[in-house]
Amino acid sequence: MSNWSPEKSADLFGINNWGNGYFRINGSGNVSVTPMGANGPSVDLFELTQDLLDRGIRVPIMIRFPDIIKARVELLNNCFSKAFADHGYRGSYRGVYPIKVNQQRHLVQELVKYGKDYSMGLECGSKPELLVVLALMHTPDALIICNGFKDAEYIETAILSQKLGRNTIIVVDRKEELKMIIDVAKKFNSRPKIGFRAKLNTQGAGKWVDSSGARSKFGLTSVEIVDGIEVLKQEGMLDCLELLHYHIGSQVPSIQSIKSSLKEGARFFTEIYKMGAGLKYIDVGGGLGIDYDGSGNSDSSVNYSEQEYANDIVSVLQTLCDEKGIPHPSIVTESGRFLVAHHSVLVFNVMGVNDLHRNEPPSPASKSDPSIMQDLQYIFEKVNKDNINECFNDLFQAKQETLQLFTYGVLSLEQRAWCESMYFTIATKMMIMAKSVPDTDDIIANLSKELCDTYYSNFSLFQSLPDSWAVGQLFPVIPIHRHEQEPTREATLADLTCDSDGVIEKFIDTKSGEPKETLSLHQFNIGEQYYLGVFLTGAYQEILGDLHNLFGDTDAVHISLNGIGYTIDHYVPGDTVTEVLSYVQYGRSEMVDNVRQATEESIQKGTITKQEAKLLIKHYEEGLSGYTYLEELE
Ligand SMILES: *Cc1c(COP(=O)(O)O)cnc(C)c1O
C-alpha cells in the first residue's frame with residue numbers, strides 16, 4: 001500500500017474548505033457528517049448509507065440533515081446579533097426563508113421550528129407558496145413576505161391573513177399591484193402592510209445577476225416609487241408602506257456588490273422615509289452565497305464570510321441612517337441558499353466504468369498494412385523521454401488521419417479498430433513516461449482528458465442536479481469511502497439518462513477556483529460497491545429537478561444525530577414508475593391490461609408458454625411498482 005492517508009485525500013478533494021465543518025474525512029477513510037462542528041456528534045456517511053440500504057431504502061438517495069439547518073439558522077442570526085452589539089445598532093434582525101429554494105414540507109417545518117426563537121419568517125413568491133406558508137407557520141411576530149406576480153386572489157388571501165394576526169407584508173413588485181392592494185384593503189376595511197421592491201441600478205455579479213438592473217423582471221423604478229408614494233398619500237395610506245425591498249440575485253460572489261447595492265438601496269430607504277412613509281423594515285433580499293468549491297475566489301465561491309456580510313450591512317445602514325437622522329430600521333434578509341444548501345447530500349452508486357487505458361499493443365503492423373498503421377507502430381516503438389513532445393504531436397495527427405482515412409473509404413473497420421487500440425496503447429505509455437519528464441504538464445493534461453474513464457452512475461443529472469446542466473453550476477462530488485486509498489483514476493461521470501448532456505465533466509478545484517475536467521477516483525472493482533456523494537445540494541436542485549427519461553424523485557431520508565447514534569426522522573419514498581407515468585397520463589391498469597391481452601393472443605398462437613406469460617406479467621407489474629432508478633435484484 002502507498003503512503004496515502006485520509007488527510008491527503010481531504011486535501012485533494014478540498015473537503016475541509018467547502019465542507020464548512022459539517023463534512024470531513026474520518027480516520028477510517030470515510031466521510032463523516034458533523035452538523036455541530038468537529039466536537040459535536042458525528043455520523044459516518046458510508047456506514048449510514050449501508051444501514052439505510054439494509055432497511056430497504058434505495059440509492060440514489062437524498063440524505064438530509066436537519067441539524068445542519070438548525071446550525072445555519074443559528075449562525076445567521078448570531079452573526080446579526082454580534083454585528084448589532086459591535087456597532088451599537090438599534091434595529092432588530094428579522095430573517096425570512098424564501099420557500100422557493102426548497103419547499104419540501106419536512107424541511108420547511110424544520111426551518112419554522114428552528115427559527116421560532118429568532119422570530120424567523122417565510123417568504124413566498126407565488127400564490128401556492130403563500131398557501132403553504134399560511135398552513136405551516138404560526139410564529140408570533142415572524143414576517144410573511146409576499147413577492148412575485150400577484151392577482152386579486154393572492155392579494156385578498158394575503159390581506160385576510162393579516163386578520164388572523166399574521167404579520168403579512170405584500171410587496172409591490174409591479175406598479176399595477178398597488179391599485180389592486182388599495183382596492184382589496186378598502187373592500188375588507190383593513191390597513192394592509194405594504195412593501196415596495198426597488199429596481200436598483202447596481203448590478204450583482206456571478207451566474208445569477210439578472211435579478212437586478214433597469215431591465216430586471218421585478219421592482220419599481222424611481223419614477224414608479226415616487227408616483228406610488230403620491231397615490232398612497234392621496235389614499236391616506238402612506239403609513240402602510242412599512243418595508244423597502246430589493247434583491248440583486250443569488251449566490252453573489254463578491255462583498256463589493258453586496259455593499260454597493262446596499263448603499264443604493266439604503267438611499268431609497270432614507271428618501272422614502274423622509275417623504276413620510278411608515279418604513280420600519282429594509283429587506284435586502286437573498287444572495288448571501290456559499291462556498292461550493294472552497295476556493296474563496298470564483299463564481300462558485302464567495303469572497304466574504306457570513307459575519308462580514310452582517311457587519312457590512314449593519315455598518316452601511318447605520319452610517320447612512322445616522323447621516324440623515326433616521327431611526328435604524330429592522331433588517332430583513334431573504335437568504336435561502338445559505339440556510340439550506342449544506343443540509344442535503346445525494347449518494348449514488350457507480351455501476352460500471354469505461355476504461356480506455358491499454359497496456360498491451362495490438363499485433364504489430366506489417367509492411368503490407370496501410371502507412372498510417374506503420375506510422376503508429378513506429379511511434380509506439382520509438383517514443384522515449386527525449387522525443388516525447390514530438391511523438392505527442394505525431395500521435396494527435398495520426399488520430400485525425402485515422403478518422404479521415406476511414407471516412408474516405410481507405411481504412412476498413414478492422415484497420416480503424418487496430419489504429420484506435422494502438423492509439424490508446426501509445427497514449428497510456430506516454431502518460432506514464434510524461435510523469436517523469438519535466439515541463440510536460442500540457443501533455444499530461446491532454447492525455448488525461450483522452451484517457452479519462454467514464455464512471456456510469458446511478459442517478460439522473462436532470463432530476464437531482466439540474467443546475468449543473470442548466471447553468472453549469474459546480475458541486476463538490478467525492479467518494480464517501482476508501483479515502484485511506486489513493487485515487488488512481490481520472491474520470492468523468494455519466495448519468496442514467498440517454499441524453500448526452502447527462503454528464504458531469506467539470507469538477508471543483510479548491511486550490512485554483514478554476515474547474516477541472518476530471519475527477520480523481522478509485523479503481524472500480526466489479527462486484528464491489530463504490531459510492532459517491534454530491535454535496536451542498538439542498539438549495540434549488542430538488543424542486544427544479546425534472547423527469548427526463550422518466551427518472552423520478554429519489555428516496556429521501558431525514559437523519560438527526562443524538563450523540564449516541566442517529567435517528568431516521570422521516571423516510572420519503574421516491575417516485576414509483578407508476579407515479580411518474582401518471583404525470584404523463586398513463587394509467588397502470590390499462591397498461592397491464594394491454595400487455596395481458598398481447599400475452600393471451602400469443603398463448604393462442606403458441607409463441608409464448610403460459611409460464612413465460614405469467615413471468616412477463618410479473619416483471620411488468622413489479623416494474624410499474626418499482627423505483628425508476630437501477631435496483632439490485634433481491
Ligand atoms: C430567489 C430569491 C431569494 C433567495 O435567494 P438566495 O440567493 O437563495 O438567498 C430571495 N429573494 C427573492 C426575491 C428571490 O427571488
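These values consider heavy atoms only, across backbone and side chains, with no hydrogens, waters or symmetry-generated copies. Note that ligands are numbered from 1 as they come in the structure, with each ligand's atoms numbered from 1 the same way.
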Salt bridge E156-K187, side-chain N to carboxylate O under 4.0 Å: yes
Heavy-atom pair of closest approach, residues S261 and L200: O-CD1, 3.4 Å
Nearest protein heavy atom with distance in Å, relative to atom 7 (O) of ligand 1: S250 OG, 2.5 Å
Atom 12 (C) of ligand 1 - nearest protein heavy atom and its distance: E334 OE1, 3.3 Å
Audit row: V171, C146, side chain to side chain contact (heavy atoms under 4.5 Å, CB included) steps and yes/no: CA-CA 6 Å; V171 176; C146 299; 6.0 Å; no
Donor + acceptor pair across side chains of Q256, S254 (<3.5 Å): yes
4.0 Å heavy-atom contact, F218 with ligand 1: no
Any side-chain heavy-atom pair of I15 and Y22 under 4.5 Å: no
G125 to ligand 1, any heavy atom closer than 4.0 Å: no
Nitrogen or oxygen atoms of R337 and ligand 1 under 3.5 Å apart: yes
Atoms of ligand 1 close to R197 [distance to a heavy atom under 4.0 angstrom, numbered from 1]: 13 (C)
Which of the ligand 1 atoms, numbered from 1, are nearer than 4.0 Å to a heavy atom of S335: 9 (O)
Proximal ligand 1 atoms for N147, defined as those under 4.0 Å from one of its heavy atoms: 13 (C)
From CA spacing to verdict: side-chain hydrogen bond (donor to acceptor under 3.5 Å, both in side chains), Q162, T168: CA-CA 6 Å; Q162 296 176 344; T168 315; 5.2 Å; no
Protein contact of atom 1 (C) of ligand 1 - nearest heavy atom, named by residue and atom, plus distance: K100 NZ, 1.3 Å
Partner residues of K274 under the side-chain contact (heavy atoms from CB on, under 4.5 Å) criterion, sequence neighbours left out: E271, K324, I326
Protein contact to atom 8 (O) of ligand 1 [nearest heavy atom, distance to 0.1 Å]: Y540 OH, 2.6 Å
Numbered atoms of ligand 1 (with element) below 4.0 Å of G336, judged on heavy atoms: 6 (P), 8 (O), 9 (O)
Over 12 foreign heavy atoms within 6.0 Å of NZ, K516: yes
Heavy-atom side-chain proximity of R166 to L134 below 4.5 angstrom: yes
Which of the ligand 1 atoms, numbered from 1, are nearer than 4.0 Å to a heavy atom of G287: 5 (O), 6 (P), 7 (O), 9 (O)
Non-hydrogen atom of A539 closer than 4.0 Å to ligand 1: no
